[in-house]
Amino acid sequence: MIDPKELAYAKKVQSLLDGEIARLAASNQELKRLIRERTRELRENDPFGALYAGTDADHLSGAASEVRFANERDVSAADEQRRRTETYRRMKKTPYFGRVDFTYRGDDAPESFYIGLCTLNDGDDFDAAVCDWRAPVSSLFYTGETGPAFYEAPAGRFDGELGLIRQYAFENGELKDHRDAELRIDDALLRETLSGAAAERMKPIVATIQREQNRAIRFDLRRDLLVTGPAGCGKTSIGTHRLAWLLYQQKTGGQAPGLLMFTANEAFREYIANVLPELGEEAADTAKYADLFRAAFREYRVSDALSQTEALLKGDEERTDAVKKLYSEEFAAFTDNSLDNAAVRFTDVVFFEIPLVSAKQMLARFRALPASSSLRSRLDTVSRWAADEAKNNYRINKETLVRSAEDADRDGDSTAEIIRKLTAAILREVKASVSGAADTDPASVLSRLAREFYGEGSFTSGLDGRLEKKRLRYEDAAALLYVSAKLGAVNFKRMPTHILIDEAQDLAPLQHKTLRLLFPKAVFTLLADPRQGVVPAVNTVSAARIAEIYGADTVSIRKTYRATRQLGEYSKGFLSPADAEYEVFEREGEPPFVYNTEDPVAETAGIAAAEPERFRSVCVILKTTEEAKRFHQKLAALLPDCGALLSEEDPIRSRVVVTPLALTKGLEFDSVILPRAESLTSDPSAGYLAATRALHRLHLLFRS
């Protein structure tokens, strides 16, 4: 039975939401009116400023500059109001999902805090009617236990007694039920949520965040964090909600956000795209690792990661050998040592037998600089120092140098022109001495280091050929980017402050080290499940190694929530006993369906067509892109509306989609069909990855 006080409170919150939505709408209209009015007045009174209203601020007239500043401020405020309005409209369906009653130490009576998507003020009352799930006090809801408790806030630690944890169920804004948890948050709401059909896009999980997930989300944002756990444990949700929590902290602390998410492909990017907006925040910038190549090597053509994965899965021996060599930790260590302790050969800068700066002086200056700085950075420092030293010595010997230059002049220049030419020549000579002291061209350096470490042969000659033609394989570009980062040859205009890397186990140690070099001031959140490393030659299959590279703290999630108990236990069967030491959330369902068939295409068509309508997504997984492409062509003749996901740029647009295993990372589907199950289940990593894509049903087809 629903407590009448709870019904009254729900109505009160709905009324407050209506009032805030109306107030924000009016305020938004007023901001738009002000923007239009300012722009109109400017056009009438300051046509020159209006004409240049789209240029840099330095070129604006005073009036235009003021209008531009005011308009940008109000546009930003209007955008924030729009996002807040959209959040409140979403809250109309579920105004809040939790409540905690907390008695502060020294107080006699508890305070009640209702928790929802964002803060909702209680009219003129100082207290909030609904607290943002990211607010410090809201962390009490996710602890899961009543009794002595505390929460951390900017003002310090608050101790007390947690007397009530209550969950709410709303249906289109109407309160239908509430449940109290005496010892822990009840699993019923989570079980109901997971039993539904897969969403086309990932949804916020603020109502069902578990204790271990909450710990990772709210982990110290000043420290690099590695979150590990089995498939379906919520790592991606943790990552996106951690970014939302970061944005909340930055806004309340007055800091400017700078977020970047590395994702595997377009389908996954689309899948997670709505999480931050539904939490009331702007979507974070996203990128694939290959985008770094495009930014750094615009003159090169580079193949994608999928082609590398496919070649390795098919057993291409030459490609496998090249990948192992370029991604080798030993080769990376050799590269580090070679560039950190680079042999440099400066030349003396001498004019008319007067030494202005010596090679010995420049070398001493170079060696005094920390090896942790890039080679180019150290050379730039030496160049600036040498230029200053040469200028000083020029001033000391100016009279002699100018007289010698005049004696050598054959053009009849004036003394002023002779001095200008002389000083320019000195600076050119300094620059030439430093720039010629070491090779800092990334392609040339990579080629030289590869030959020094591996010797002459087909591998190095092939690499040289691709570098010369500027047509690189993915692994070539990864090695070239690492060398470029070590040299200090890569500069990005925008440097993010926080970087999220999903499926971190799919990157090689070399790639992780590159990211650490390229973004030295960023804080990283890394999400990884080494069990899903299906390409050992590339993947970092040790969580400890990832943590070591970043110096990251680790939070391990020990329970998977995605699949039914039956499918979860089946997936664990692909793993070693040590890797299978995690819990499967108790949600009952059907065991895997196993078929022996002579016609996997027809069998797949029949299974897909017979799946319940509530199953909004059915995925047919093959091992490689070639197999998926051929299978899709045959299946489309029987299921015309089935789609294909065959490249990193493809989105998912069909209820039934055929795809290679490598493109399913991070995705989940109501039903999964493995039409050639023997090719996947024979490989433990591939079998585990394929099986863990399924939420409700898994179909395995074996040739009879």
Side-chain angles (χ1 to χ4, degrees), residues 55-59 295-299 338-449 467-468 470 480 483-493 495 517 520:
T55 66
D56 292 338
D58 290 344
H59 298 92
F297 316 133
R298 297 186 183 278
E299 70 275 25
S338 298
L339 298 182
D340 291 344
N341 303 288
V344 291
R345 295 178 178 83
F346 299 101
T347 56
D348 295 333
V349 178
V350 179
F351 274 74
F352 302 109
E353 299 182 354
I354 296 177
L356 298 181
V357 58
S358 71
K360 186 176 181 180
Q361 288 175 301
M362 287 186 276
L363 182 60
R365 185 69 179 175
F366 179 84
R367 288 176 174 170
L369 297 171
S372 57
S373 298
S374 70
L375 180 58
R376 282 195 178 183
S377 175
R378 284 177 283 163
L379 289 174
D380 287 344
T381 300
V382 172
S383 182
R384 290 191 296 271
W385 173 85
D388 289 340
E389 186 72 8
K391 288 175 185 177
N392 288 335
N393 286 326
Y394 163 77
R395 283 191 286 267
I396 294 170
N397 298 278
K398 181 176 180 180
E399 185 177 336
T400 303
L401 288 168
V402 172
R403 187 165 54 249
S404 298
E406 287 175 334
D407 291 342
D409 180 53
R410 297 291 182 268
D411 299 326
D413 291 328
S414 66
T415 300
E417 181 63 14
I418 288 171
I419 291 174
R420 187 193 66 78
K421 288 183 176 180
L422 176 61
T423 54
I426 290 171
L427 293 178
R428 283 198 304 272
E429 191 68 20
V430 170
K431 185 176 181 180
S433 175
V434 176
S435 63
D439 185 1
T440 58
D441 175 67
S444 174
V445 171
L446 174 60
S447 174
R448 174 177 57 80
L449 292 174
L467 288 169
E468 184 178 351
K470 299 188 183 301
L480 184 62
V483 170
S484 299
K486 286 292 297 183
L487 290 170
V490 183
N491 294 299
F492 298 113
K493 292 181 179 179
M495 299 296 284
L517 285 169

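Along the sequence shown, the residues carry numbers beginning at 1.
- Each salt bridge (charged side-chain N to carboxylate O under 4.0 Å, His left out) pair with one or both residues in residues 379-395, not counting sequence neighbours, would appear here, but there are none.
- Take Phe297 and apply the ring pair (Phe, Tyr, Trp, His ring centres under 6.0 Å) test, not counting sequence neighbours, and it matches Tyr300.
- A pairwise comparison of heavy atoms in Val344 and Ala438 identifies CG1-CB, 3.8 Å as the closest pair.
- Within 6.0 Å of atom NZ in Lys470, more than 12 heavy atoms from other residues, nucleotides or ligands are found, so the atom counts as buried in its surroundings.
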- Evaluation steps, side-chain contact (heavy atoms from CB on, under 4.5 Å), between Arg378 and Val382: CA-CA 6 Å; Arg378 284 177 283 163; Val382 172; 5.6 Å; no
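- Judged by distance alone, the side chain of Ser383 and the main-chain N or O of Lys431 form no donor-acceptor pair under 3.5 Å.
- Under the side chain to side chain donor-acceptor pair (under 3.5 Å) criterion, the residue pairs touching residues 437-448 are Asp439-Ser444, Ser447-Arg451, Ser447-Asp464, Arg448-Glu452, with sequence neighbours excluded.
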- Task: Please test Leu375 against Phe366 for side-chain contact (heavy atoms from CB on, under 4.5 Å), starting from the C-alpha separation and ending with a verdict.
- Result: CA-CA 10 Å; Leu375 180 58; Phe366 179 84; 3.6 Å; yes
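- Just one of Ile418, Leu422, Leu401 meets the side chain to side chain contact (heavy atoms under 4.5 Å, CB included) condition when paired with Glu406; it is Ile418.
- Within the 4.5 Å cutoff, side-chain heavy atoms of Leu379 are placed close to those of Phe346.
- The shortest non-hydrogen separation linking Ala485 to Val490 is N-CG2, 4.3 Å.
- Taking Ala489 as the reference, Arg376, Pro442, Ser484, Leu487 meet the side chain to side chain contact (heavy atoms under 4.5 Å, CB included) condition, with sequence neighbours excluded.
- The salt bridge (charged side-chain N to carboxylate O under 4.0 Å, His left out) pairs that include a residue from residues 339-357 are Asp340-Lys486, where partners are two or more places apart or lie in different chains.
- Remark: Thr400 OG1 to Phe351 CZ distance equals 15.0 Å, nearest 0.5 Å.
- Distance check: Lys398 NZ to Ile419 CD1 gives 4.5 Å after rounding to the nearest 0.5 Å.
- Remark: the backbone N or O of Glu429 is not paired with any side-chain donor or acceptor of Ser433 at under 3.5 angstrom.
- Using a 4.5 Å heavy-atom cutoff, the side chains of Ile354 and Asn393 are not in contact.
- The side-chain heavy atoms of Leu339 and Val445, taken from C-beta on, include a pair separated by under 4.5 Å.
- Put simply, the side chain of Glu417 never gets that close to the backbone of Ser414: no donor and acceptor are under 3.5 Å apart.
- With sequence neighbours left out, Phe352 forms a ring pair (Phe, Tyr, Trp, His ring centres under 6.0 Å) with no residue at all.
- Val402 has its side chain within reach of Tyr394: a pair of non-hydrogen atoms, C-beta onward, lies under 4.5 Å apart.
- The two atoms that bring Ala390 and Val430 nearest to each other are CB-CG2, 3.9 Å, heavy atoms only.
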